[in-house]
Each structure stands twice: as C-alpha cells, then as structure tokens.
Amino acid sequence: MKASSVRFTTCEKQFVGKSIESGIRLDGRQAYDYRNLEINFGLDYGYCEVTLGDTRALAQTSCELIKPLDSRPTDGQLFINVDLSPMASCSFESGRMTSEGVEINRLIDRVLKESRPIDTESLCVLAGEKVWSVRVDVLVLNHSGNILDCCCIAAIASLAHFRRPDVTVTGHDVTIHSLKEKEPVPLNVHHMPICITFGFIEDEKKGQQLIIDPEEKEESIIDGKLMMAFNIHNEVCCVQMSGGVSVDYEQLLNCGNIAALKAEEITVVLKEILEEERIKRLPKKIEKKAGLKTPATPREFITKTTAGPTEVEMITLSSDENDTARNPIAIVSDESEPPKEQVTNYLGKGTASLGEGGESAWVMSSGGEEEDNEGEDMEHGSNEKMVDNDESEDSEEDEFVVMQADVLAEKTQTTNNNMKIDTSPKHDEINADKKKKKRKRKKDQSIT
C-alpha cells in the first residue's frame, strides 16, 4: 500500500465534522484549545523531545568547523532537517520525501532562518577561514496531527539548550577544547519563534469554522490551513496560507491575536523548563561535615588562671635618703605576713653585724701585725741581693706604693659606707705606721 492511498472513510469524516459543528472536538477540546505540551531534555546538550498530545518529535543539535561562504566571511551557518520516518505513520516512506515533508522542511527553515533567532556572527572563529556550522536534525516519532508546530518547538528548544565547545585561537591555529577542559558556550538566541497552526472548515449552514491545533483526523476534513509564527514580543516571524479557502480581514486579525497569545504561553513554559534544566546541571555543593559540638556548659581547664588585684609597697635597701628617692624598689607584700624589720646590732668599736648573726669578719686581729712583719723581713732579705744603681726606678716604686695605699684606703672607705661599719682613730694610726715602715725600708735598701 502506497502512502498516497491511505485515506479516512467517509463515515469518519462526517462524524468529525458533526462533532466540530456541535462545539465538541474528538478529544474534548474547544475550538481554540491547544493540546498538552511536554518538553524533556536529555543528558547531552541539544537533545530535546517534545510531545504535543500524541504527536512526538525528537531534535538533536550538533556543530562543526567549516569554511564560510565568500559572500558572508564572518557569518556562521545554520541547517535544519526534518525526517518523517515510517515509524511515525504508515503514510511516510523511508528514503522518499513526500509533499508534506517538503512543505514542513521549508516552513521550519523559513521560521528559524529568516526571522534570525540565532546570532550567526557569533559563530565566527576566524574571518574567512573557519566558522561554526550548526545543524538541527528533527525526527518525527509519532504522527497524530500538527507536525509543523511540534517540530518547530523541538527545533528552537534544542537550539536554546545546545552548548558548543570552547575554542582557543593562536594565530591561524584553532584548538577545540572538550567539555571537561572548558565550560561549553551557549548559542546567542535573540528570540524564540513559535508556530501556531489554524484549520478552516467550510460549512453550508454555519459558514466558515475555525479550529486551532488540528488533530490527524481533523486535518483530513479541513479545507485550508493557516500557519502563523510569533515570538514573545508579539512580532510576526512568518505567515503561510495553504488550501483553497479565502479568509477575510477580521478573521485574519483574530487568528493573529490568538497566535500571539499561544506563542507567549509556550515561550514562558519553555524558558521555565530551560531554567530548571540549567539548575540541575550545576555542580553540586559539597556538604560540610558536622564538626565538634560546643558543650552546653563551658568547661574549666586546669591551665586557666586569673590575676587578682595586689598591693605594692615601696621600700629601699639603702639608708641614704638621696638613693631612696632615686632608686625605689617595688616589692609585692602579703597582708598575712608583714615584712620583718632589719635591726643592726653594734658589738663594739670597729665591729658590726647585720640582723641576728654573729661577729663580723671585718674584726682586726693582733696576729695580723706579726704576719706583716714576717712578710717585710722576707722582702728585705730578697731585696738585699738585688742591686739597682738607677735612682729613677726607686722614685717610681715610691709613687706606686703611695698610689696603691691610697686606692686601698678608698676601697675600704666605700665598703665601710655600704656595710655601715664604724672606723675608729686607732685603726687609722696603725695603717699610717705601716706606711712609714715600708717607706723607711725602701730608703735603707736604696742606700745600701
């Protein structure tokens, strides 16, 4: 059986006509109602499946780098192909394009090319050398009427969902990056033209009747078809009239208002589905693992210390009033244990003690003179063996002895002041006698 021999019976056509005249269509819709629309996207970019009632169409978009046309060196190219497979309907044959298939291909090509919904200049990689060629293949899976609207929605949805690979241009070399290396680039879609198909039925009694989105059996009885493409901005993208029906001016304006309203509704639904698909493809955020919970009551650590207020007492270690004013020493005192007072006990002339200790080590003993005399005799014996004829050396030794005695006197005086030792006049007389004896021995040695 050939495709041209497939027809509906006369009884079926009469039944469909009477149902439309009564205002109730075969699927229960009104004259201006559109069938349920479903849009599903696949895992790959550009894969879209559209279901309009029982009519199904599948669209897949692909791209490749080609050389541009000489007349348009900076514009990319867009190709549309609609395949009416035999599995969609028994009226289609494989490898042979019917008149209906040719008409659908031309209409969709006009809608998606002449209205310029895609920015073809953005597809240029190297002017005059390489541009992107975008191809949309539409396959009809099931034919249940109004293939044109279903294929048009599938094609524009596939283009809006498609992402081309990113490229890097270095001189005249072009590097194409995979989807894993770089994020793919979407196409620049300015607007979305949507096709709306009307059917006209001539009736002798009621006149001309208008229906929207005709079904397969309804298409068999209609006398004329009107296709109008609108976008969301209420702009006319394409108009096509087929059949031997004449339409007046008012009816044409009425069809345009209905088409603009339906196109806006379909565009809003399509954008919502595209946004949901974009959110699904976003990388998932890594959930933060729960850390250590803070205790309900704060814990007290062993190393935790607190510093309280302390009293500071200023004392000095020297009895000199001037030193006290210049060098104060701060000592932290405890109220429970008051500092002990230092008491100096005097044991006699030339002796002193600090605190409660015993006798001071500075007490002069009588055996010291004898030891000094023995040391002087030994020095006298050794000096007798030495003969020095230089008188200048004797004078230098005398000066050294005198200076050394003066230094010792200053040291003893400073230590006595610091340690608070009282020196007596008798002690000074003994030191003077020692100095006289040493000077006398030096003079004797120089004479001999």
Can a donor-acceptor pair be found, under 3.5 Å and without considering hydrogens, that links the side chain of [X] to the backbone of [Y]?
X: S158; Y: A154; result: no
X: D149; Y: T197; result: yes
X: K113; Y: L78; result: yes
X: E218; Y: E215; result: yes
X: S89; Y: F92; result: no
X: D248; Y: Q251; result: yes
X: R110; Y: S115; result: no
X: T168; Y: H177; result: no
X: R25; Y: R29; result: no
X: N105; Y: V82; result: yes

Which atoms form the tightest heavy-atom contact between [X] and [Y], and what is the distance?
X: H161; Y: G42; answer: CE1-O, 4.4 Å
X: F198; Y: C255; answer: CZ-O, 3.3 Å
X: N142; Y: D54; answer: ND2-O, 2.5 Å
X: N146; Y: E219; answer: N-OE2, 2.8 Å
X: A31; Y: L210; answer: CB-O, 3.6 Å

>> Can you tell me which residue among S178, P184, C63 is in a side-chain contact (heavy atoms from CB on, under 4.5 Å) with P165?
In response: C63
> Does any non-hydrogen side-chain atom of R164 lie less than 4.5 Å from one of F162?
Replying inline: yes
Ignoring hydrogens and angles, state whether a donor on the side chain of [X] or [Y] is under 3.5 Å from an acceptor on the partner side chain.
X: Q60; Y: R135; answer: no
X: H191; Y: E235; answer: no
X: T55; Y: H143; answer: no
X: N257; Y: N254; answer: no

>> Pair I118, L159 - check side-chain contact (heavy atoms from CB on, under 4.5 Å), show working.
In response: CA-CA 8 Å; I118 306 298; L159 288 171; 4.1 Å; yes
Determine whether more than 12 heavy atoms belonging to other residues, nucleotides or ligands lie under 6.0 Å from atom [atom1] of [X].
X: R281; atom1: CZ; answer: yes
X: E275; atom1: CD; answer: yes
X: N36; atom1: CG; answer: no
X: L69; atom1: CG; answer: yes

> Taking it one step at a time, do C151 and V140 satisfy side-chain contact (heavy atoms from CB on, under 4.5 Å)?
Replying inline: CA-CA 8 Å; C151 293; V140 179; 3.8 Å; yes
> Under the side-chain contact (heavy atoms from CB on, under 4.5 Å) criterion, do K262 and I194 qualify, and how do the steps go?
Replying inline: CA-CA 9 Å; K262 296 296 180 181; I194 304 298; over 6 Å; no
